[in-house]
Every structure is written in C-alpha cells, then in structure tokens.
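First the structure, in the form of structure tokens, and then the observations on it.
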Amino acid sequence: MDAKTKILDIIDKRVMILDGASGTEIQKRGIPAGACPELWCLEEKKTIRAIHHDYCEAGADVIFTCTFGANIFKLSQYKATNVTSINRELALLARQSVDNNTLVAGDIGPTGRFIEPFGDLGFDEAVDAFKDQVKGLIQGGVDLFIIETMMDIQEARAALIAVKEVSDLFCMVTMTYEDGGRTLNGTDPVSALITLQSLGADAVGCNCSTGPEGMIPLIAAMKPHATIPLVAKPNAGIPRLENAKTFFDMSPETFGSHGSSFISAGVNILGGCCGTAPEHIQNLKAKIHDLPPQPPERIAISALSSSTKTVFLRKEKRLMIIGERINPTGKKDLQEELVAGKMSKVRRIARQQVKDGATLLDVNVGMPDIDETQTMKKVVGDLASIIDAPLVIDSSNIEAIEAALRIYPGRALINSISGEQEKLGQLLKIARKYGSMFILLPLTGKKMPKTCADRIPIIEDIYCEALSCGFTKQDIIIDALTMAVSADQEAAVETLETVKWSSKTFGCLTVMGLSNVSFGLPMRKWINAAFAAMASFTGLNLAIANPSVNAFMDVSAASDVLINRDKQANAYIQRFSDPETQVKPRSTQTEKSTGQQVYTAVVEGDREEITLICEKAMAEGMDPQGLISDIMIPAIRQVGELYDQKIYFLPQLIASAESMKKGFEYLEPLLKASMDTQETPS
Ligand code: THG
C-alpha cells in the first residue's frame, strides 16, 4: 500500500494523529539559545531521534522531520548552504527513529520573506528555493509533506507548487492565524481553504498561533466548504512571557480534552504545535480514539477567492457584476499607461468598480504593441495586493493566462476557454494545474454559431473534454455569446435562449459580456439595462459590465426583486435608502485637491504617484513642512488606525510606509532649504 492510500485509509476510519512540537521540545532538551535547530539536530542526532521516537510511542501516526527552517533563506543566516543534503539527512534521521508503521512528513516552514505581490522575493525564486528542500526530503524517504505556519498565502502557494511540481506525495498545508481570525497578511481561513484546495493540497488547516479554543472556530468555518480533510495543530494554550522566555502552560489533560470539540468542528487530522510534548499527544489520542470524525464533503463548489475574500457563486443569488473596465480597447489613456508600465489608472478604475458594486474584476490588457504576458503579470500582481475582489483573467493569449494564474494569490476565473482544438487541451491543462474556474465560450474558431441550437453541441463538446480532465459543472460558467443587436437584431434573443438552456436544462452558471449588445446604438445604458433584466429572468448569474453606470445597476437591482432573487427586496431597499446615493450620483468623482491626493496616496500606498503629487503640491505653493505635518503624518496615522481595526494588514502597512518614505525623500531637501531661508535674517 502506498503512503497516500494508507493516509486516506486512516482518515476514512478515524482521526489521523500528528506529533507535537519539535521546536519547544528541542529547547527543553538543551539546544542553546540562538543555535540553528536544523544544524543542532544534525550534531545532536540522539536527541532528535529520541523526540521522534517519543512521539511515535505516544501514538502519533505521523512525525514531522526537523526541517522547519531548512530553506536557503533561513540556513544561510547560519552560513549553511547545502539545503538538499541537510534536508536529506534530517529526513533519514526521522525515518530511522520510528517504526515502519509510522509515517514521516517532510516539514516545510516559511522563509521569513514576503513573496511578490506582497513582498520583494520573486514568486519563482521562492518556488525554486522550496524545490531544493523538497528534493532533499524525498531523497531522505519522506512519505508525505507538511507545509506549515504560513502567514502569507502566496508563500503557501509557492511551497505547494514546488511540492507538486516535484512529487505526487500527499501534501498538507496549514496556515497560522492571529486573534482576529486572519493571518498577519490578512488571509481568512475560508479563502486559504478555497485557494489551497483548488491548487491541489490534499489537506488544509491551521497550526500554531492560538491555543485549541481559538482554533476550533477556524476549523468550523472551513468545514462546510472543504472537499479535502482538515488539519489542526494547536499550541498548548496562549504563550506567556516570563523573563523574555516563552512558556506554554496548558496541561496534557486539558489539551486532550479539546479533542472532541475539534472533531465536532470537522477536523480529520490532529496534533500539537508549540508547547505540546509527547504527553499532550498521548492524552489527545486517548480522549478521541473512539470518536468518529466527519468525512470531507467531496462535492465540488463554485467559489473564487482573492487573498482576503471568497466569493461563492450560486444560482439563487442576485446578479453578480464582473467589472469590465480594465480593458484598453478603445481607451487611449489606459493604453498609454499600460504601455508605460504605470499602474495608477488601473488601480483607480479597479477601486471605483468595486465601490460601485462589482463583485469580481475582469482584467484584460490585450492590445497591439504590448508584452501582454508581462503586463498581465504586473497588473494582476498589483491588483491582488490592493483589491479584495477576486480577478477574472481575460485574454486570448495562453502564456499570459498561465503567467497570471501562477502568481495570483487566490482562485481566479479564466476568461475564457473555447472549442478551438489545440488551445482547448492546453488551457484545460493549465486550468487544472492552478485549480481555476473557467468561462466556457461556445466558439470553435470556425463558423460563428449564430443560434442557440448551434451553440448547444459546442457547449456539450467542451464540457465532455473538461469532464475527462477532471472538471465538474461547478468549475464552469457558460458564456451565452453576446453580439451587437445593431448588426443582427435576432442576436439578443438567441443569447437569451442560450442562457436559458445553459442554466435550466444543462445546469451551469451563466455569464455574458453584456455591453457588447449595445455597440453602435445611442444611449447604450438602456439597452444594456433592459438586456440584463431579461437575461436575469432566463437564468443569467454574472454580467461582465460597467458597474459605474447607475441606470444599469438600478434596473438590475430592480429585476432581482421581480424574479425573487433579492429576498424581501433587502438589497434594493438598501441601495435606495443610502442617503449618499440619493444626493449625488455614485460615480461622479469630485476633483480632489492636491493635498487630499497626497493624503490618499499615503493611505492607499501609491508608491508610483506620490512623488509626482508632492511635486504638484510644491508647484502650487504648498509648504513642505505643512504637507508633512498636516497631511502625510495624519495619513500614516490613519493607516495605523486601519491596521488596528484589522481593516489593513501587513502588505497595506508596508505599501503605505513606503509611499510615505518616497514622499519624504522628495520633500526632505526642500524642507532643509525652506528652514535655511527661514533662519537667514532678511
Ligand atoms: N464574453 C466574455 N468576455 C468578454 C466579452 C464577452 N470580455 C471582453 C468583452 N466581451 C466584455 N468587456 C467589454 C468591455 C467594455 C465594453 C464592452 C465589453 C464597452 N464599454 C463601454 C465603454 O467603455 O465606453 C461602456 C459600456 C456602457 O455604457 O456600459 O463597450 O462577451 N467572456
């Protein structure tokens, strides 16, 4: 029986037991302060062997190799560079310490760096670094992998991709959450679950951070959406600091007594993190050994995620808007910015669309004379770090789509996959690898299917192909093909028929590029609005549209009431009871003063524009001291407040601090000059 089958077999019957802490255990057994745990274990083989052995005796099904920090970034701080051989040696040590029934998990911890788009370590650089570790662990004979204590979802993704590109062993990923239920970087457990399980993790969960009590609700939150087993490895309570040393006080008995609540919350794999010892694991095992766990729901779900938010797509929900405006077609100013590699306009359009009600954002950067792959990567990375809404990757270029999916720290939607033969196979493979959902476009690259009847067989063919690659209907959204009604007046009705068949007969979610319908007509908003209302009735779930057009959004809110998708008309009533919407149209932006622009640039972390805006402020005669003390300092204070309120997280804090720094660097010489003039008596 291979290890994967063995693990799944255990999980089918009972909770699989992991070991307890290695870190606090080697401290207890004599590692000197400041020593590198991995290098110390290689010298004190007897000690680490005893720890592995004790956990095995305590009843752990799985022990973790002592390789938590055995990546190049951590090891090189101790002047060690032979990552692969250190991992191999430590994996061998673990293997030799336990009986053949015990599984050995190759342990992968964080690098201590932030990965792009949240930090400066390149994504593929991180993947390659993890691969060196993975290779050593495989050479040392591990049975499975555990990627743990991650607080950056992007780092968890990089490590998971590294494991999957090198091996097909079982791989668990656990993240570390702060008190507020998010990682330091702002990721919530459900978004981490959706992102990691679609990327191919075999089990997902949490470790470290809180004690058992704090972790149980996180597991419960993930359970309804988990198609894979859930893991928890809590600390022995909340750490207590005494004389600069950390203590974990929870007794083995108390620790074990939380086991049954973990099982009720939905856990399938359970162990201990900091402060837990073999006695904790023994107690845990004794308390839960006859309690049956809930198996994972093995039903695919339609959900997309960003690093901070999950969007569930359900038929009975109101019409969802995919903001269409990040698209350079016909927009000269956006084209110029994209060619110049500037992001300010894209950011502004993105924020505005979300504010106006877009749930997802379409990103299309296709235009002549542009490196689409590079631009797509840049835009997607940039938006991923400032926008909660999940992204829709709109391109006809396979390379650009793949580049975007690889670096997107969530589960994205591919727009789109059509029936063009060789592209179909390639795109399905990419979608599968990155776990994306996709929009199915019923085109074959040959004759345009004009009627619903022409489109049905194409939809069925693409679906069959997708099914054979492992997709389900829940991964697919059918595009009903929207053409300009000005060119063919039968077109709109055929689209409505296609929506109806796709939704009601075939049973998939549906989407359309709504604004296409009105090309060539005056007052396009009314055509778009009427079409959205009709299509909603025939089963439309998502519209790629401009959410900043009030007429369209208002009519669409009204039609959701009429077809009973907006229960008790709650959303409709709220939309029109918000006093702000009554007084001023939502999307007419009032011009901000330059001072306000500086404030916004700091709060929003706009590193690209801050210098320019400060220059503008100076040209308008503002005083540098005043700009700093009356605008920039209050702005950074506001950032601090947003962080305290857990609205901002580490990436936003860093971005704001950097834009503050850039602004300050520009103003500093001017400040000195103005002080000098003040000091010189005239
Ligand atoms: N299906 C899928 N993807 C698509 C399309 C589709 N992506 C591209 C396109 N079609 C959808 N996107 C747009 C974007 C802008 C416009 C039309 C389609 C457009 N915009 C007007 C403008 O910018 O002036 C404003 C429209 C309005 O008034 O609302 O025309 O079909 N899967």
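Both counts, for ligands and for their atoms, begin at 1 and track the order of listing. Only a predicted model underlies this, so the values are computations on that prediction, with no experimental measurement involved.
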With sequence neighbours left out, what residues match F123 under ring-ring contact (aromatic ring centres under 6.0 Å, His included)?
-> none

The protein residues that pass the under-4.0 Å heavy-atom test against ligand 1 are E324, N327, K331, D394, N415, I439, D479, G513, S515, N516, F519, R524, N528, I544, N546, V549

Answer yes when E604 and K592 have at least one side-chain N-carboxylate O distance shorter than 4.0 Å, and no when they do not.
-> no

Residues passing the ring-ring contact (aromatic ring centres under 6.0 Å, His included) test with F471, sequence neighbours excluded, are F438

Compute both the distance and the angle, then confirm whether K317 meets the cation-pi test with F312: under 6.0 Å from the six-membered ring centre, within 45 degrees of the axis.
-> no

Does the pair K429/E402 count as a salt bridge with the N-to-O cut at 4.0 Å?
-> no

With sequence neighbours left out, which residue pairs that include part of residues 366-384 fulfil the salt bridge (charged side-chain N to carboxylate O under 4.0 Å, His left out) condition?
-> R347-D382

